[in-house]
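For reference, the structure discussed in these notes is given below.
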Amino acid sequence: MDLPFATALVTGASSGIGETMAEMLADAGVRTLVVARREDRLADLARHHDLIEPLPADLTDPGDLDRVAARIGDADDPIDLVVNNAGFGTTGEFAELDPDRLATEIDLNVGALTRLSHAALAAMVPRGRGWLLNVSSVASFQPAPRLAVYAATKAYVTSLTESLHEEAGPSDVHVTALCPGLTRTEFQRVSNTEQYADRFPGMAWTTPVEVARAGLEGVVANRAIVVPGLQYQLMAAATSVTPRWLRRKVSGLVQRG
Ligand SMILES: NC(=O)c1ccc[n+]([C@@H]2O[C@H](COP(=O)([O-])OP(=O)(O)OC[C@H]3O[C@@H](n4cnc5c(N)ncnc54)[C@H](OP(=O)(O)O)[C@@H]3O)[C@@H](O)[C@H]2O)c1
């Protein structure tokens, strides 16, 4: 891939979409800092790619989050592309779920993403150069009973990112929300969505390579929202003309099976 970035920082790069994107960036000659909690995974990536540098951090830990935000704001070694990709979900009836886990999910999907988006734009807008890619989900386009907090966090991510896209436009800073559908990663195990995800046919699935590539191409082209895969582009188009009550009913049927 021919990319305009010299440096990048990708959160959630120890597996799945983030790992694939970090490898793609390094293969394209971009020096890439990789953030996640599992240091061994990040070290493995760095062993296989000269241009990958581990930056281990738990983004729900305030001290770690400050450290990563400070790295993004370091004017002596600017980061051209920031990818806020780290995230997870929690499946089940809301009232029966662990409230501490839900709070951590909001801290990561919303709190850390907002803080690092701020660090990125505070550095990029005065420079008049930069790219910010926030990983949301097609779950941001409608409520998702039994995945309620996750869908709400992703609705926040898409809304925030669209606003920032408009704000940053005059500064020539690109801001994009990447909204994947079902993608086979560790997400299904971590978020306990295997129970319904496994029922979907092969054509419903996109690959981490497809998603990562669409995200990078989308932020280079300064698209506000990128939905990888024709099947999900059609779904998103149908969603925009479907009454709200019908969207949440259908979404509830999908999650319950
Ligand atoms: N897979 C899908 O079907 C799908 C669909 C739509 C959207 N998405 C979104 O895509 C993004 C990437 O997910 P994925 O599918 O690639 O899942 P994944 O394989 O589970 O990757 C999640 C990444 O987030 C990192 N992470 C989790 N908690 C963290 C924390 N507290 N601090 C720092 N890093 C943390 C994980 O690393 P450590 O555990 O090492 O910290 C891992 O690298 C997420 O935002 C997800 O919501 C996924």
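Quick caveat, the model's predicted, so the values are computed rather than measured.
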Step by step, would you call R129 with D80 a salt bridge (Lys or Arg N to Asp or Glu O under 4.0 Å)? CA-CA 7 Å; R129 174 185 164 84; D80 292 333; 3.4 Å; yes
Go through the steps to decide whether R67 and D64 satisfy the test salt bridge (Lys or Arg N to Asp or Glu O under 4.0 Å), and finish with yes or no. CA-CA 5 Å; R67 191 163 47 81; D64 280 10; 3.3 Å; yes
May I have the step-by-step check of side-chain hydrogen bond (donor to acceptor under 3.5 Å, both in side chains) for N109 and T153, ending in yes or no? CA-CA 6 Å; N109 297 8; T153 65; 3.2 Å; yes
Could you check Y156 against S136 for side-chain hydrogen bond (donor to acceptor under 3.5 Å, both in side chains), going step by step and ending with a plain yes or no? CA-CA 9 Å; Y156 173 94; S136 184; over 6 Å; no
Please evaluate residues T91 and T193 with respect to the criterion side-chain hydrogen bond (donor to acceptor under 3.5 Å, both in side chains), reporting the C-alpha separation (whole Å), side-chain torsions for both, the decisive distance (0.1 Å), and the verdict. CA-CA 6 Å; T91 308; T193 61; 5.3 Å; no
Would H49 and D27 satisfy side chain to side chain contact (heavy atoms under 4.5 Å, CB included), going step by step from the backbone distance to the final call? CA-CA 8 Å; H49 300 271; D27 288 344; 3.5 Å; yes
Would you please test S191 and T90 for side chain to side chain contact (heavy atoms under 4.5 Å, CB included) and show each step? CA-CA 5 Å; S191 308; T90 309; over 6 Å; no
Would you sort out whether M21 and L133 count as a side chain to side chain contact (heavy atoms under 4.5 Å, CB included), showing the intermediate values? CA-CA 11 Å; M21 198 176 285; L133 179 61; 3.9 Å; yes
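Linking Ile, Leu, Val, Met, Phe, Trp and Tyr whenever their side-chain heavy atoms come within less than 4.5 Å puts F200 and L147 in one cluster. Cluster annotation: V157 and L132 are assigned to the same hydrophobic cluster (Ile/Leu/Val/Met/Phe/Trp/Tyr, side-chain heavy-atom contacts under 4.5 Å, transitive). Both L121 and I72 are part of a single hydrophobic cluster, where members link through side-chain heavy atoms under 4.5 Å apart. Hydrophobic clustering of Ile, Leu, Val, Met, Phe, Trp and Tyr side chains at less than 4.5 Å, counting indirect connections, unites V110 with V82. Both L108 and V149 belong to a single network of hydrophobic side chains, linked directly or stepwise wherever heavy atoms of I, L, V, M, F, W or Y lie under 4.5 Å apart.
Listed for the R101 side chain is a donor-acceptor partner under 3.5 Å among the backbone atoms of G89. Checked by atom type and distance alone, the side chain of T158 never pairs as donor or acceptor with a backbone atom of A155 at under 3.5 Å. Judged purely by atom type and a 3.5 angstrom limit, K154 uses its side chain to pair as donor or acceptor with the backbone of V135. Between the side chain of H174 and the main chain of W131, no donor-acceptor pair closer than 3.5 Å is present. Judged purely by atom type and a 3.5 angstrom limit, R247 uses its side chain to pair as donor or acceptor with the backbone of F141.
Rounding to the nearest 0.5 Å places NZ of K249 at 15.0 Å from OG1 of T242. With rounding to the nearest 0.5 Å, the separation of CG in N84 from CG in L178 is 12.0 Å. Note that the CG atom of L216 and the CE atom of M24 stand 6.5 Å from one another [nearest 0.5 Å]. Taken to the nearest 0.5 Å, the CZ atom of R146 stands 5.0 Å off from the CD atom of E93.
Between L59 and L113, the closest side-chain pair of non-hydrogen atoms is not below 4.5 Å. At a threshold of 4.5 Å between non-hydrogen side-chain atoms, the residues V10 and E19 do not count as touching. Residues L160 and T114 meet the side-chain proximity criterion, which asks for heavy atoms closer than 4.5 Å. By the 4.5 Å heavy-atom criterion applied to side chains, N134 and T176 are not counted as neighbours. Contact annotation: the side chain of D107 never approaches that of R115 to less than 4.5 Å [non-hydrogen atoms, C-beta and beyond]. L3 is listed as a side-chain neighbour of V220, based on a closest heavy-atom distance under 4.5 Å. Side-chain contact between T60 and L65 is absent, with no heavy atoms from C-beta onward closer than 4.5 Å. T11 is not listed as a side-chain neighbour of V83, based on a closest heavy-atom distance of 4.5 Å or more.
Between the side chains of S251 and Q142, not a single donor N or O lies within less than 3.5 Å of an accepting N or O. Under 3.5 Å, the side chains of T7 and D77 contain no donor-acceptor pair of N or O atoms.
The one candidate from L25, I79, T32 that meets the side chain to side chain contact (heavy atoms under 4.5 Å, CB included) condition with L9 is I79.
Scanning all heavy atoms of the two residues, the minimum distance from H165 to R223 falls at CE1-C, 4.0 Å. Scanning both residues, R38 and S14, for their nearest heavy atoms gives NH2-OG, 3.3 Å. Closest of all the heavy-atom pairs between T185 and I17 is CG2-N, 4.1 Å. Closest of all the heavy-atom pairs between T20 and A212 is CG2-CB, 4.1 Å. Here the closest non-hydrogen pair linking T161 and A177 is CG2-N, 3.4 Å. Of all heavy-atom pairs spanning A151 and P143, the tightest one is CB-C, 4.4 Å.
Counting non-hydrogen atoms of neighbouring residues, nucleotides and ligands closer than 6.0 angstrom, the CD atom of E186 exceeds 12 such neighbours. Residue-environment remark: CG (D98) exceeds the threshold of 12 foreign heavy atoms within 6.0 Å. Taking a 6.0 Å sphere around CZ of F94, one finds it holds 12 or fewer heavy atoms contributed by other residues, nucleotides or ligands.
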Sequence neighbours left out, cut at 3.5 Å: what donor-acceptor pairs do the side chains of residues 202-209 make with other protein atoms?
residue: T206; atom: OG1; partner: L182; partner atom: O; Å: 3.0
residue: T206; atom: OG1; partner: T183; partner atom: OG1; Å: 3.0
residue: T207; atom: OG1; partner: E210; partner atom: N; Å: 3.0

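Comment: R189 does not engage E194 in a salt bridge, judged by the lack of any side-chain N to carboxylate O separation of less than 4.0 angstrom.
Between F187 and Y150, the ring planes lie tilted relative to each other; the angle falls in the 30° to 60° range.
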